[in-house]
Protein chains: 2
Amino acid sequence: VRSRTCVIGLGLIGGSLLRALSAAGHPVSGYDASPDVRSLARTASAKWRIAETIAEAVADAGIVILAVPLPALPAVLDGIAAAGYRELLSDVTSVKEPVRELVAERVPQLRYVGGHPMAGKETSGFAAGDPDLFTGCAWALTLEPDIGPGQLNDWLSMAALVTGLGARVVPVSPGEHDAAVALISHLPHLAASGIATLADTGLAATLAAGSYRDGTRVAGSRPDLVAAMCGGNAAALGPVLDRFIARLTEARRLLDKPDPVQALARWFGDGHQARTRWPPHQGPASELPVSAEELLRTGRDGGWVTEVAADRRTVLAVRPLS
Amino acid sequence: VRSRTCVIGLGLIGGSLLRALSAAGHPVSGYDASPDVRSLARTASAKWRIAETIAEAVADAGIVILAVPLPALPAVLDGIAAAGYRELLSDVTSVKEPVRELVAERVPQLRYVGGHPMAGKETSGFAAGDPDLFTGCAWALTLEPDIGPGQLNDWLSMAALVTGLGARVVPVSPGEHDAAVALISHLPHLAASGIATLADTGLAATLAAGSYRDGTRVAGSRPDLVAAMCGGNAAALGPVLDRFIARLTEARRLLDKPDPVQALARWFGDGHQARTRWPPHQGPASELPVSAEELLRTGRDGGWVTEVAADRRTVLAVRPLS
């Protein structure tokens with residue numbers, strides 16, 4: 001019986017996922033390319049099985065979740081294909097359209113539902129893992145408007161698994177996901193790095209206080225990882241960065257006016273309105289009939305799924321109060 | 001005897017300053033344009049004298065510190081001039097070159113040392129005031145390289161007063177100050193507002209997590225105040241925003257490369273290096289002979305003054321470890 005859930009890649013996210021799945025009662029197996037990490041994970045608990053090869057890890061799995069960085073994905077996909085795995089595949093990579101294309105190219109025989117938990121910490125590695133990392137966190141699961149009943153059922157399987165870990169499942173198409181994370185994650189990284197780079201003088205460092213500290217915090221992240229994240233989403237991030245530059249160029253024009261304050265107050269007013277609305281207030285939960293269109297509309301409107309009904313004909317969904 | 005220190009404007013900064021000066025043993029007087037605020041301040045303690053008019057407030061003051069917003073400064077300066085005040089004047093306004101020009105134009109008879117404490121809170125108003133607000137905070141005090149002994153003595157008077165409140169005094173020219181705060185305060189406000197404006201969709205709001213939260217935090221500030229702050233520093237902020245847009249445009253170009261990750265890693269590397277150096281480690285304190293050039297060099301190198309010697313021939317200065 002293919003009853004196990006298998007996690008490939010046991011860093012912060014994969015290691016947390018292994019712990020969270022196990023704590024929720026799932027039989028789990030895990031694998032990491034590093035022998036040291038495998039040994040660490042094996043010693044940590046007898047509740048999971050840490051395999052010595054990808055083939056061994058996926059052997060009796062019904063769901064395989066890839067938690068490796070984007071550049072490592074092609075080799076791991078080849079390994080899974082070589083092992084003859086034919087069941088459900090998901091991942092936690094921060095971009096979804098490039099992974100969808102990669103999966104279609106390398107392992108077209110697999111059923112795939114893309115995933116992205118919006119969880120993270122300043123720390124990394126298996127030892128930093130936390131079984132509660134996903135409690136209350138938004139977890140994007142991708143689907144397309146035109147999918148068939150089999151694919152919708154796969155999506156529901158992943159949604160049931162992930163809501164069982166306490167996450168809020170956000171139904172989203174790969175393209176919409178990538179555009180949204182470009183806005184809320186990759187753009188803040190670009191802005192933070194740009195500010196930190198320019199403000200690198202002795203005087204500026206002394207005068208810097210709260211707005212510098214928070215506005216540049218993520219510039220402290222490892223540049224190779226951030227570059228992989230942004231570069232992996234270049235197609236979606238490019239247009240977002242264009243819009244950001246255009247918005248700033250508008251402010252630049254206002255600064256040249258003889259009396260810029262009133263026009264600037266309107267310019268800042270838009271961002272103020274948006275920021276004070278966030279995070280949105282949570283509305284009541286309601287039953288939603290299962291259809292790709294309904295699910296995608298819910299995600300687009302800022303809603304999420306908290307529970308999949310046992311008969312899989314409805315889900316419980318929450319929308320923000322408008 | 002003109003022994004009092006007088007604070008005009010009793011909002012968060014002025015109200016905190018009144019409390020801090022009083023706690024440090026200075027006889028203080030205060031004034032605010034709002035009768036309600038005057039009444040609140042009068043009720044709060046018998047240790048300070050809250051005047052009913054500017055003339056009454058400055059009558060026996062040896063130092064007057066203006067803690068009103070930039071747009072209110074001209075009228076307050078006229079009020080002080082009309083009251084016949086002729087002693088030392090300082091302020092806490094977030095831009096220094098425009099205030100220097102305003103003072104030279106409206107009250108050329110006054111001795112003036114510009115000031116800017118890098119302190120703030122999410123809250124505002126007299127009631128939110130805190131006598132410890134300036135402990136450990138950087139407090140810019142402006143001087144020019146070519147000032148005479150009298151002006152240098154005025155600078156030392158303000159430095160002695162402010163270090164007595166526990167602040168780190170940063171010697172800086174008005175122009176260098178305005179360029180630095182454009183980088184570390186006004187630019188982060190522009191970036192935060194730009195991100196918040198673009199990310200204002202339901203889906204983005206749901207997926208937004210730490211990097212959005214911190215990168216846009218200051219977009220929650222009152223847009224009219226932020227616009228006044230940025231618009232008041234337009235001359236220094238314009239070139240800084242140009243450089244930021246140029247830096248982002250470089251990243252935009254890299255995103256169009258066939259394989260952008262390595263070049264992006266170098267681009268992010270600069271900001272990472274700058275951010276992980278901040279805040280700089282504090283070096284040992286050393287005696288510095290009092291001269292405008294020496295003081296300005298100390299500030300430019302990221303140093304500050306912690307104490308003014310009683311004979312005013314040296315100061316105790318701290319530089320960051322390089």
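In what follows, chains carry the letters A, B, and so on, assigned in the order in which the sequence lines appear, proteins first and then strands, with residues in each chain numbered from 1.
For the set E176(B), R222(B), H116(B), R252(B), the count of heavy-atom pairs under 4.5 angstrom toward chain A peaks at R252(B). Of the listed residues V226(A), L254(A), D259(A), the one with more heavy-atom pairs under 4.5 angstrom with chain B than any other is V226(A). Interface remark: of the candidates S185(B), A209(B), G303(B), S185(B) forms the most heavy-atom pairs closer than 4.5 Å to chain A. With respect to chain B, the highest number of heavy-atom pairs below 4.5 Å among S211(A), G210(A), A205(A), A196(A) belongs to S211(A). When each of G215(A), A219(A), P260(A), G231(A) is checked for heavy-atom pairs under 4.5 Å with chain B, A219(A) comes out on top. Ranked by heavy-atom pairs under 4.5 Å with chain B, the list L190(A), D224(A), V170(A), L237(A) is led by L190(A). The greatest number of non-hydrogen atom pairs below 4.5 Å with chain B, out of C230(A), A235(A), A192(A), is found for C230(A). Note: A208(B) leads A199(B), A208(B), A204(B) in heavy-atom pairs under 4.5 Å with chain A. For the set M229(B), H272(B), R168(B), E250(B), the entry with the most heavy-atom pairs within less than 4.5 Å of chain A is H272(B). Listed options L255(A), V181(A), V240(A) were ranked by heavy-atom pairs under 4.5 angstrom with chain B; first place goes to L255(A). The most heavy-atom pairs under 4.5 Å with chain A, out of A180(B), A138(B), S193(B), come from S193(B).
No donor-acceptor distance shorter than 3.5 angstrom exists from the side chain of T276(B) to the backbone of G220(A), with no hydrogens or angles considered. Not a single donor-acceptor pair under 3.5 Å links the side chain of R300(B) to the backbone N or O of L203(A).
Contacts of P188(B) with chain A are made by both backbone and side-chain atoms, with heavy-atom separations under 4.5 Å. Interface residue P280(A): only side-chain heavy atoms are found under 4.5 Å from chain B. Heavy atoms closer than 4.5 Å to chain A are found in both the backbone and the side chain of T216(B). Heavy-atom distances place both the backbone and the side chain of P223(A) under 4.5 Å from chain B. Within the 4.5 angstrom heavy-atom criterion, only side-chain atoms of R277(B), from C-beta onward, approach chain A. When heavy atoms are compared at a cutoff of 4.5 Å, T298(A) does not approach chain B at all. In this structure, the portions of D270(A) lying under 4.5 Å from any heavy atom of chain B include both its backbone and its side chain.
Heavy atoms only, all atoms of each residue included: L207(A) and M118(B) are closest at O-CE, 3.3 Å. Taking every heavy atom of both residues into account, F268(A) and H189(B) meet most closely at CE2-O, 3.6 Å. Scanning both residues, R217(B) and R213(A), for their nearest heavy atoms gives NH2-NH2, 4.4 Å. Heavy atoms only, all atoms of each residue included: D200(B) and A274(A) are closest at CG-CB, 3.6 Å. Annotation for W267(A) and G194(B): closest pair CH2-N, 4.1 Å, computed over non-hydrogen atoms. The heavy-atom pair separating I195(A) from A191(B) by the smallest distance is CD1-CB, 4.0 Å.
Two residues are said to be in side-chain contact when any heavy atoms from C-beta on lie closer than 4.5 Å; D214(A) and V218(B) fail this criterion.
For the atom pair CD1 of I184(A) and CG of L198(B), the computed distance is 13.0 Å after rounding to the nearest 0.5 Å. Note that OG1 of T197(B) and CZ of R275(A) are 12.0 Å apart. Values are rounded to the nearest 0.5 Å. The distance from atom OG1 of T249(B) to atom CG of L241(A), rounded to the nearest 0.5 Å, is 7.5 Å.
Counted within 6.0 Å of CD on E144(B), heavy atoms from surrounding residues, nucleotides or ligands total more than 12; the atom is thus considered enclosed. Other residues, nucleotides and ligands place no more than 12 heavy atoms under 6.0 Å from the CD atom of Q262(A).
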